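In what follows, residues are counted from 1 in the order of the sequence shown. The structure presented is a predicted model; accordingly, all values stated were derived computationally and were not measured.
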Amino acid sequence: MASFESLGDGVWRLPIPLPFPAPKAVNCYAFEGKDGLTLLDCGVATASSMDLLTAALAELGTLATLVGSHLHVDHMGAAAQLVERTGARWVMHETTPDDVPLYNDWPLRAGRFADAAAGHGAPAEFVDGLRKRWDAPEWYGTAIDPTHPVADGDQISLSDDRYLEVWYTPGHQRNHICLVDSRTGVLYAGDHVLPRISPFVPYSGPDNDHLDEYLASVDRIEAGEFTLAHPGHGSAIERGSDRAHQIRLHHERRLDSMLDHLASGPATAWDVMEVAFRPNLSFTQQRLALQETLAHLHYLDNTGRARVRRIGDHYEYERTGR
């Protein structure tokens with residue numbers, strides 16, 4: 001039996017299980033419209049997840065439009081299969097085609113981050129693990145370019161008097177979007193604002209400041225004065241803009257704690273990570289924690305509160321006193 005929950009006003013929440021410890025499910029949202037259903041996110045490409053999703057859609061109506069909040073496997077891994085089966089329009093942010101080749105090339109992504117980790121103080125065994133362990137599982141799916149790219153402020157029509165407004169909210173991922181229901185004012189937040197944790201912010205090299213993008217996007221959600229927000233994982237957020245403010249404060253505290261550590265002298269990003277995050281992290285948790293640490297240190301460097309310098313074959317960060 002398909003599992004879905006009515007949220008009222010012709011909107012349904014479809015929790016689709018995920019094949020890893022956490023998060024255990026992704027929230028997909030189906031909106032009724034005059035031309036059929038519009039679905040926000042679709043989960044990974046496991047047979048069981050696809051069976052659940054297609055069974056739910058069969059009960060709710062015909063899929064006309066599939067929207068991906070961002071290019072992460074738990075939100076769009078099944079998109080290619082679903083679009084092929086249904087012929088639905090495939091909607092993502094207009095920057096997505098630039099990232100599709102990298103999504104589909106695991107060895108390239110692993111190699112790039114392994115090089116960065118080595119240059120920022122990671123031990124050799126961790127760097128070797130990055131190069132050896134990244135084989136794409138079957139449920140990862142294949143990313144495809146959107147058939148209908150959208151930009152900030154675009155409208156995804158549901159009926160003559162109702163639409164979903166696109167809010168471009170980069171940071172957690174470069175092409176992340178949220179949707180705002182024109183009838184109810186409800187925010188569908190993807191992974192931009194989550195109820196219990198702060199979304200992961202990546203590091204992809206010195207040319208990109210993803211934390212700066214994320215903080216600007218979070219500030220925008222706070223200024224939007226949203227009450228109800230439905231996230232990509234977990235339960236509904238009763239005060240969405242207040243939660244955005246809490247997440248902003250979390251990052252400010254993390255930045256301050258990293259500056260406090262650098263006050264005792266220069267350190268590599270790996271050194272800072274071991275202080276900023278809890279001990280005994282798994283390999284995957286270390287990979288995410290190092291990226292988060294680099295994102296924060298890069299932001300501090302760009303804002304002049306810390307600076308990075310190359311010492312031999314690695315980089316160190318030091319506090320500037322500002």
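- The stretch residues 189-208 participates, sequence neighbours left out, in no salt bridge (charged side-chain N to carboxylate O under 4.0 Å, His left out) pair at all.
- Grouped by direct or indirect side-chain proximity (heavy atoms under 4.5 Å, Ile/Leu/Val/Met/Phe/Trp/Tyr only), Leu194 sits with Ile197.
- Every residue two or more places apart in sequence or in another chain that forms a salt bridge (charged side-chain N to carboxylate O under 4.0 Å, His left out) with Glu5 is listed here: Arg13.
- Judged as a salt bridge (charged side-chain N to carboxylate O under 4.0 Å, His left out), and not counting sequence neighbours, the contacts of Arg183 are Asp161.
- Residue pairs meeting the salt bridge (charged side-chain N to carboxylate O under 4.0 Å, His left out) criterion with at least one member in residues 240-249, sequence neighbours excluded: Asp219-Arg248, Arg239-Asp242, Arg248-Glu252.
- Taking the ring pair (Phe, Tyr, Trp, His ring centres under 6.0 Å) definition, one finds that Tyr103 meets it with Tyr140, sequence neighbours left out.
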Determine all donor-acceptor pairs shorter than 3.5 Å in which one atom belongs to a side chain in residues 253-265; sequence neighbours excluded.
from   : atom 1 : to     : atom 2 : distance (Å)
Ser257 : OG     : Arg254 : O      : 2.8
Ser264 : OG     : His261 : O      : 2.8

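- Among residues two or more places apart in sequence or in another chain, the salt bridge (charged side-chain N to carboxylate O under 4.0 Å, His left out) test is passed with Asp271 by none.
- Contacts of His75 classified as ring pair (Phe, Tyr, Trp, His ring centres under 6.0 Å), with partners at least two apart in sequence or in another chain: His70, His233.
- Scanning for ring pair (Phe, Tyr, Trp, His ring centres under 6.0 Å) contacts around Tyr163 gives an empty result, with sequence neighbours left out.
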Which atom pairs, one a donor and one an acceptor, fall under 3.5 Å between side chains of residues 31-39 and the rest of the protein, sequence neighbours left out?
from  : atom 1 : to     : atom 2 : distance (Å)
Glu32 : OE2    : Trp12  : NE1    : 2.9
Lys34 : NZ     : Asp160 : OD1    : 2.8

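- Listed by chain and number, the residues in a ring pair (Phe, Tyr, Trp, His ring centres under 6.0 Å) with Trp90 amount to none (sequence neighbours excluded).
- Inspection of the Arg89 and Thr147 side chains reveals no N or O donor paired with an N or O acceptor under 3.5 Å.
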